[in-house]
Amino acid sequence: MKMKKYAFLILSVLLFCAACSDDENDAYKTYQVTVQLAYPSGSELSAVEGVPVKLTGSTGTTYDATTDANGKAAFTVPAGIYEASASEKRVSNGYSFILNGVKSGITVTETWTGDSVVEVALTESKSGQVIIKELYVGGCQKDDSSGNYQYDKYVILYNNSEQAATLENFCLGMVNPYNANATTNDYENGVLSYANDNYIPAGCGIWYLPRNLTIEAGKQVVIALNGAINHTLTYSNSVNLSNADYCTYDIEDFSLTNYYPTPSESIPTANYFMAYKYGQGTAWALSSSSPAFFIFSTHNTTPEAFASTPDYHYTAGKEGSAASRCAKVPTDWILDAVEVFSQAQLAKSQKRLTPAIDAGYTVLTNTQGYTSYRNVDKQATEAVEGNSGKLVYSYNYGTDGSTDPSGIDAEASLKNGARIIYQDTNNSTNDFHQRKQASLRD
């Protein structure tokens with residue numbers, strides 16, 4: 001009787017141990033999970049190798065992998081409930097892209113075969129990688145107080161991202177009418193006629209760089225729009241635009257001598273912008289008081305092919321006026337823009353850039369050496385690693401009630417070795433202020 005009892009106990013122990021062994025095997029059993037990143041329909045971006053993907057279990061355990069060239073990431077995980085997530089930052093032709101995606105409720109059990117693929121749909125946000133940091137067009141007073149001088153215009157472009165920017169088929173454009181207070185027929189019932197047509201009219205012609213333009217992260221490029229010479233030799237209140245690192249114009253198509261004297265010999269011809277003219281006149285007459293200025297890329301179309309294609313052309317204002325001839329620049333080609341209103345003509349001024357491109361305007365008092373300068377993104381700039389102790393505050397270059405609300409002196413901080421992040425909300429009212437001195441004079 002005792003032998004039977006002992007045999008029963010031994011059998012029970014063996015069965016219990018076997019069950020425990022099965023549980024342990026299940027606990028250590030793993031499964032293959034494949035995650036596929038799905039890029040937005042119509043996006044210019046597609047799958048690339050090396051994008052980090054994370055699987056997070058319900059207990060908080062995380063597993064990391066990176067994608068292959070097809071956008072797939074492979075994981076080996078135990079049974080559980082998981083959330084897959086991916087985040088990617090990429091730059092392309094002057095834009096910064098941030099892609100994010102999350103997929104929850106991925107249940108991995110003993111029935112998981114590994115044959116199914118978990119798809120994570122990515123959403124895309126897009127911002128300008130290269131921005132207009134400063135637009136100086138208003139000119140200055142002559143030394144003898146006999147009037148003003150306005151043939152020293154320039155623009156500074158800045159790489160506001162963390163990665164180098166390479167711009168292909170890069171162009172400069174301006175909108176008709178040249179002055180914001182001028183009469184325009186582009187309004188219908190108080191709305192710009194092209195507001196919903198996904199283009200911005202480039203008046204008179206465009207400037208384009210025949211080579212790629214590369215700007216390193218946190219660096220800038222100065223483009224002399226008029227007078228690529230040292231103006232301070234004649235007018236001490238002006239600026240020196242003869243630096244060898246600057247870009248400038250070629251006088252082949254637009255040749256008005258006051259606007260376009262022969263560039264300084266120090267500027268290499270590789271830095272010359274070419275022009276394509278479809279309007280009249282010998283100058284690309286960017287307003288000295290209230291321009292609507294923008295930068296763009298024609299992407300896979302050459303600037304010449306774009307500007308010479310009749311399908312892109314139309315005549316603004318008075319029908320048949322060649323002086324008002326424009327080219328329709330698709331809005332998704334535009335990298336950045338700024339609209340300026342004249343302080344003296346503020347009440348009569350009208351927007352020329354659509355809200356999708358620039359929802360506001362900055363105000364300029366011209367002929368006084370003032371310039372339109374972009375505000376600093378205070379929070380983003382202060383968060384940059386290494387900026388502590390390098391940022392200069394107590395900014396005192398604002399004028400006429402217009403200043404940078406961040407209080408950071410961007411130019412002084414840059415000279416101190418800081419990395420500046422400028423504000424970019426696509427609204428010039430928020431993004432720009434009037435600076436009492438051109439930054440090239442600092």
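FYI, side chains are in, hydrogens and waters are out, and symmetry mates aren't considered; it's all heavy atoms of this structure.
- Pairs of residues two or more places apart, or lying in two chains, that qualify as side chain to side chain donor-acceptor pair (under 3.5 Å) and include a residue from residues 45-55 are Lys54-Asp64.
- At distances below 3.5 Å, not a single donor-acceptor pair connects side-chain atoms of Asn237 with backbone N or O atoms of Cys140.
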Could you walk me through whether Arg90 and Glu124 pass salt bridge (charged side-chain N to carboxylate O under 4.0 Å, His left out), step by step? CA-CA 11 Å; Arg90 208 188 304 182; Glu124 178 182 287; over 6 Å; no
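- For the 3.5 Å distance criterion, the side chains of Ser255 and Thr282 fail to qualify, holding no donor opposite an acceptor.
- Judged purely by distance below 3.5 Å, without hydrogens or angles, the side chains of Lys390 and Asn416 never pair a donor atom with an acceptor atom.
- Remark: side-chain polar atoms of Asp336 are paired, donor with acceptor, to backbone N or O of Ile132 under 3.5 angstrom.
- Side-chain contact of Tyr422 with Tyr373: a donor-acceptor pair under 3.5 Å is present, judged by distance alone.
- With hydrogens and angles disregarded, a donor-acceptor distance shorter than 3.5 Å links the side chain of Asn240 to the backbone of Ser242.
- Side-chain contact, Asp442 with Gln437: a donor N or O sits under 3.5 Å from an acceptor N or O.
- Remark: side-chain polar atoms of Lys351 are not paired, donor with acceptor, to backbone N or O of Pro355 under 3.5 angstrom.
- Using bins of under 30°, 30° to 60° and over 60° for the plane-to-plane angle, the ring pair Phe306/Phe296 lands in the perpendicular bin.
- Taking 4.5 Å as the limit, every side-chain heavy atom of Pro263 sits out of range of all side-chain heavy atoms of Ile229.
- Using a distance-only test at 3.5 Å, with no hydrogens or angles considered, no donor-acceptor pair links the side chain of Asn169 to the main chain of Pro303.
- Every ring pair (Phe, Tyr, Trp, His ring centres under 6.0 Å) that Tyr194 has, sequence neighbours left out, goes to Tyr199.
- Considering all non-hydrogen atoms of both residues, Asp400 and Gln434 come closest at OD2-NE2, 3.3 Å.
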Would Glu83 and Thr56 count as a side chain to side chain donor-acceptor pair (under 3.5 Å) here? Give the steps. CA-CA 5 Å; Glu83 177 182 270; Thr56 304; 5.3 Å; no
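- Of the possible donor and acceptor atoms, none in the side chain of Thr61 sits under 3.5 Å from a partner among the backbone N and O of Gly57.
- Under a 3.5 Å cut-off, the side chain of Thr123 and the backbone N or O of Asn100 do form a donor-acceptor pair.
- What you find for Ser428 and Asp358 is that their closest heavy atoms are OG-OD2, 2.5 Å.
- For the residue pair Ser287 and Asn179, a side-chain donor N or O sits within less than 3.5 Å of a side-chain acceptor on the partner.
- Between Tyr82 and Thr62 the shortest side-chain heavy-atom distance does not fall below 4.5 Å.
- Although no hydrogens or angles enter the test, the distance criterion places no donor-acceptor pair under 3.5 Å between the side chain of Arg352 and the main chain of Asn176.
- Classification of the Trp284-Trp207 ring pair by plane angle, with boundaries at 30° and 60°, yields perpendicular.
- Side-chain contact check for Thr371 and Lys436: no donor-acceptor pair (N or O, by modelled atom type) lies under 3.5 Å.
- Donor-acceptor pairing under 3.5 Å is recorded for the side chains of Tyr39 and Glu88.
- With Tyr397 as the aromatic partner, Arg435 meets the cation-pi criteria of under 6.0 angstrom to the ring centre and within 45 degrees of the ring axis.
- Annotation for Asn396: atom CG counts as buried by contact number, over 12 foreign heavy atoms lying within 6.0 Å.
- No hydrogens or angles considered: a donor-acceptor pair under 3.5 Å links the side chains of Ser238 and Asp152.
- Contact between His433 and Arg374 at its shortest, heavy atoms only, is CE1-O, 4.3 Å.
- The closest side-chain heavy-atom distance from Glu252 to Met274 is below 4.5 Å.
- By the ring pair (Phe, Tyr, Trp, His ring centres under 6.0 Å) test, Tyr136 pairs with Tyr154, sequence neighbours left out.
- Between the side chains of Thr166 and Asn212, no donor N or O sits under 3.5 Å from an acceptor N or O.
- Side-chain contact between Leu157 and Ile295 is present, with heavy atoms from C-beta onward closer than 4.5 Å.
- In this structure, the side chain of His313 engages the main chain of Ala307 through a donor-acceptor pair within 3.5 Å.
- At a threshold of 4.5 Å between non-hydrogen side-chain atoms, the residues Tyr361 and Val340 do not count as touching.
- No donor-acceptor distance shorter than 3.5 angstrom exists from the side chain of Thr248 to the backbone of Phe273, with no hydrogens or angles considered.
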Side chain to side chain contact (heavy atoms under 4.5 Å, CB included) between Tyr370 and Thr399, worked out: CA-CA 8 Å; Tyr370 299 161; Thr399 184; 3.5 Å; yes
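- Side-chain contact check for Ser289 and Gln345: no donor-acceptor pair (N or O, by modelled atom type) lies under 3.5 Å.
- Using a 3.5 Å distance cut-off with no hydrogens or angles, the side chains of Asn271 and Arg211 do pair a donor with an acceptor.
- Shortest non-hydrogen contact noted between Leu241 and Asn226 is CD1-O, 3.5 Å.
- Minimum interatomic distance between Ile215 and Asn159 (heavy atoms only, all atoms of both residues): O-ND2, 2.9 Å.
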After noting the C-alpha distance and the side-chain angles of Gln379 and Thr381, does the key distance pass the side chain to side chain contact (heavy atoms under 4.5 Å, CB included) rule? CA-CA 6 Å; Gln379 183 176 3; Thr381 298; over 6 Å; no
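- Counted by atom type alone, Ser146 and Asp144 present one or more donor-acceptor pairs between their side chains at under 3.5 Å.
- Among all heavy-atom pairs drawn from Tyr260 and Leu225, the shortest one is CE2-O, 3.5 Å.
- For the pair Thr76 and Gln32, the minimum side-chain heavy-atom distance is below 4.5 Å.
- In this structure, the side chains of Thr298 and Phe170 stay at 4.5 Å or more apart for every pair of heavy atoms.
- For the side-chain contact (heavy atoms from CB on, under 4.5 Å) test with Leu353, the passing option among Leu192, Ile200, Thr331, Asn426 is Ile200; the others fail.
- Counting heavy atoms from C-beta outward, Lys153 and Ser288 have side chains that approach closer than 4.5 Å.
- Ion pairing between a basic and an acidic side chain is recognised when a charged N comes within 4.0 Å of a carboxylate O; Lys378 and Glu382 show such pairing.
- Between the side chains of Glu188 and Ser193, no donor-acceptor pair is found at a separation under 3.5 Å.
- Classified by interplanar angle (parallel below 30°, tilted 30° to 60°, perpendicular above 60°), the ring pair Tyr149/Tyr151 is perpendicular.
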